[in-house]
J.: 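I have a structure here, written as structure tokens, and I will follow up with some questions on it.
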Amino acid sequence: MADATDSATEATSETTNAVEAPEATFKTKQSQEAEPKRSWGDEVDNAPDEEPSASTASEEKVVSELNVEGLTIEEEEKINTFLDEPEDSNVTAVTSDKTPYTSAKTFEDLNLSPELLKGIYVEMKFQKPSKIQAISLPMILTPPYKNLIAQAHNGSGKTTCFALGMLSRVDPKLKAPQALCICPTRELAIQNLQVVSKMAKYTGISSECAVPEEFPPSKIAVMTQIVIGTPGTIRKWMTIGKLSLRFMNILVFDEADHMLDEDGFRDYSLRIMRDIRKSSAHCQVLLFSATFNDTVRNFVTRIVEDYNKLLVKKEELSLDSVKQYKVYCPDELAKVMVVRDRIFELGEKMGQTIIFVSTKRGASDLHKALVELGYDVSTIQGGLDLGVRDKIVKEFKDGLTQVLISTDVLARGFDQQQVNLVINYDLPKKFGMCSEPDYEVYLHRVGRAGRFGRKGAVFNLLMADETALMEKIEKHFGSHVMEVPSWNNVEDFKVALKTAGLL
DNA sequence: AAAAAAT
């Protein structure tokens, strides 16, 4: 089995850029002969200021200073020269040596193969690189193929960055895996594969998923160049000798903060990374996520030596294009009524909706309650059979269902352009803590709406014990979440939706 | 004591 579906739908809406760049005079690639790079990896350990911050509060400050003149000399050297457009002032790029990178105004600037370019234009219908793509792709594709840590908005086109990275770093003639991408969920791995295989259409490069299936895997060695999967299955394929690491030259972590978080998949990820480093001389590592909290970032920068990095200012991450609301609900029943009377009534008119619930139990309870009220609704969570999960996602992506109840299985990375309404039926909490919100999950949930700069709205349904959590979230992101005056007034919801530009 | 992926 190879080349997964071409029915990739629009899995990557997150791509062509919303901002049309003024045709600035195109900068030619300067000084091709990069001066020989000192090994900066050693520097990492004793350069505490390499990390912009220890505290969140100071981070924004330092990051923005990087764009002006308040830098240390050492850092000034590392700042890329292409950060000259005012509109890029919210992105900070730091390179680990003096390799010159030039922002890519067009995909032609990237020395991609003609076949790959054709896939980009004809299949994907991209016109030009998005901001994150323009900056990250030269870093990814230019020798010496430095590692990269990249943080960028939800829906800003990260998938395309690492998809192109993988596609241009493999040899189609070599029938062996050369690129590996690890994702936190089966759904995300499948989605990423669809993007990659669509983009690869004319290249002769094949790809496949290493995710849990209903049947146990065959032991036949993988011959596709690109493998995208979930950690456990990838490990399994490695141990049964199905997945060879010998020719691996690029390793991608999607949702990297989660993949390397103690509470996430850290052990799996590290073991895979270690094995690859053992068996292939030089393997480029790319880490992508919209979020890197301080703890994870600290850890990540220790294990990935000698890297370039891209950071987006925190306030830029809180998604201005998506309006956030809070709705005080006296009890659980009120929440159900809001879903029934507002979301089903109003939400249907303007696209698709995802209702996030923190537990599988909660998801299935809500599902049952709505079904009992006579509403047909679909629900996805990890406890369902794989086939059912696939079907539910496909129906939603095909637009056959309007409203989807989901656990956090879809909180990260799930890309469906038509979703412009997200309901937090409850708020995400940090593991084992009932009074501490999970800010990352919150941000990722919100990011399911407003893909690629589209308009969107989030309604947080709050009972009394959740108001404090909401306040903490508002404080953390420094954003004011507007209040819908009354949970049972349809006009209030209409006003909110109009304000969000959805009605 | 949570989701997910796994075992």
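A, B, ... follow the sequence lines: proteins, then strands. Residue 1 opens every chain.
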J.: Any base atoms under 4.0 Å from A:K430, or only sugar-phosphate, or nothing? Heavy atoms, all strands.
T.: nothing
J.: Of the options B:dT7, B:dA5, B:dA4, whose atoms approach the side-chain atoms of A:T407 most closely?
T.: B:dA4
J.: Using only side-chain N and O atoms of A:T233, determine if any of them is under 4.0 Å from OP1 or OP2 of B:dA5.
T.: no
J.: Return the value, rounded to whole Å, for the distance between atom CD of A:E213 and atom P of B:dA6.
T.: 10 Å
J.: Could you check A:K242 against A:S218 for side chain to side chain donor-acceptor pair (under 3.5 Å), going step by step and ending with a plain yes or no?
T.: CA-CA 8 Å; A:K242 182 178 174 63; A:S218 79; 3.3 Å; yes
J.: Under the 6.0 Å and 45° cation-pi test, does A:R266 pair with A:F299?
T.: yes
J.: Using a heavy-atom cut-off of under 4.0 Å over every strand shown, decide if A:R235 touches base, sugar-phosphate, or nothing.
T.: nothing
J.: Is any side-chain nitrogen or oxygen of A:T185 closer than 4.0 Å to OP1 or OP2 of B:dA5?
T.: no
J.: Considering all heavy atoms of both residues, which atom of A:A457 and which atom of A:A449 are nearest to each other, and what is their separation?
T.: O-CB, 4.5 Å
J.: For the side chain of A:K236, starting at C-beta, report the closest nucleotide among B:dT7, B:dA3, B:dA6.
T.: B:dT7
J.: Find the distance A:L260:CG to B:dA4:C1' and express it as a whole number of Å.
T.: 16 Å
J.: May I have the distance from A:E187 (atom CD) to B:dA3 (atom C1'), rounded to whole angstrom?
T.: 12 Å
J.: Are A:R266 and B:dA4 close enough that a side-chain N or O sits under 4.0 Å from OP1 or OP2?
T.: no
J.: Rounded off to whole Å, could you give me the CG-to-P distance for the A:L386 and B:dA6 pair?
T.: 9 Å
J.: For A:R169 and A:Q284, test the side chains for any donor-to-acceptor distance below 3.5 angstrom and give the result as yes or no.
T.: yes
J.: When all nucleic acid strands are considered with a 4.0 Å heavy-atom cut-off, which category describes A:D263: base, sugar-phosphate, or nothing?
T.: base
J.: What nucleic acid atoms does A:K360 come within less than 4.0 Å of, heavy atoms only: base, sugar-phosphate, or nothing?
T.: sugar-phosphate
J.: Would you kindly give the CE-to-P distance between A:M238 and B:dA6, to the nearest whole Å?
T.: 13 Å
J.: Would you classify A:F265 as touching base, sugar-phosphate or nothing, given that sugar-phosphate means primed atoms plus P, OP1 and OP2, and contacts are heavy atoms under 4.0 Å?
T.: base
J.: Identify whether any heavy atom of A:G382 sits under 4.0 Å from a base atom; if not, whether one sits that close to sugar-phosphate; answer base, sugar-phosphate or nothing.
T.: sugar-phosphate
J.: Using a 4.0 Å heavy-atom cut-off across all strands, classify A:R389 as base, sugar-phosphate, or nothing.
T.: sugar-phosphate
J.: How close or far is atom P of B:dA3 from atom CG of A:L427, stated in whole angstroms?
T.: 15 Å
J.: May I ask you to decide if the ring planes of A:F459 and A:F493 are parallel, tilted or perpendicular, using 30° and 60° as cut-offs?
T.: tilted
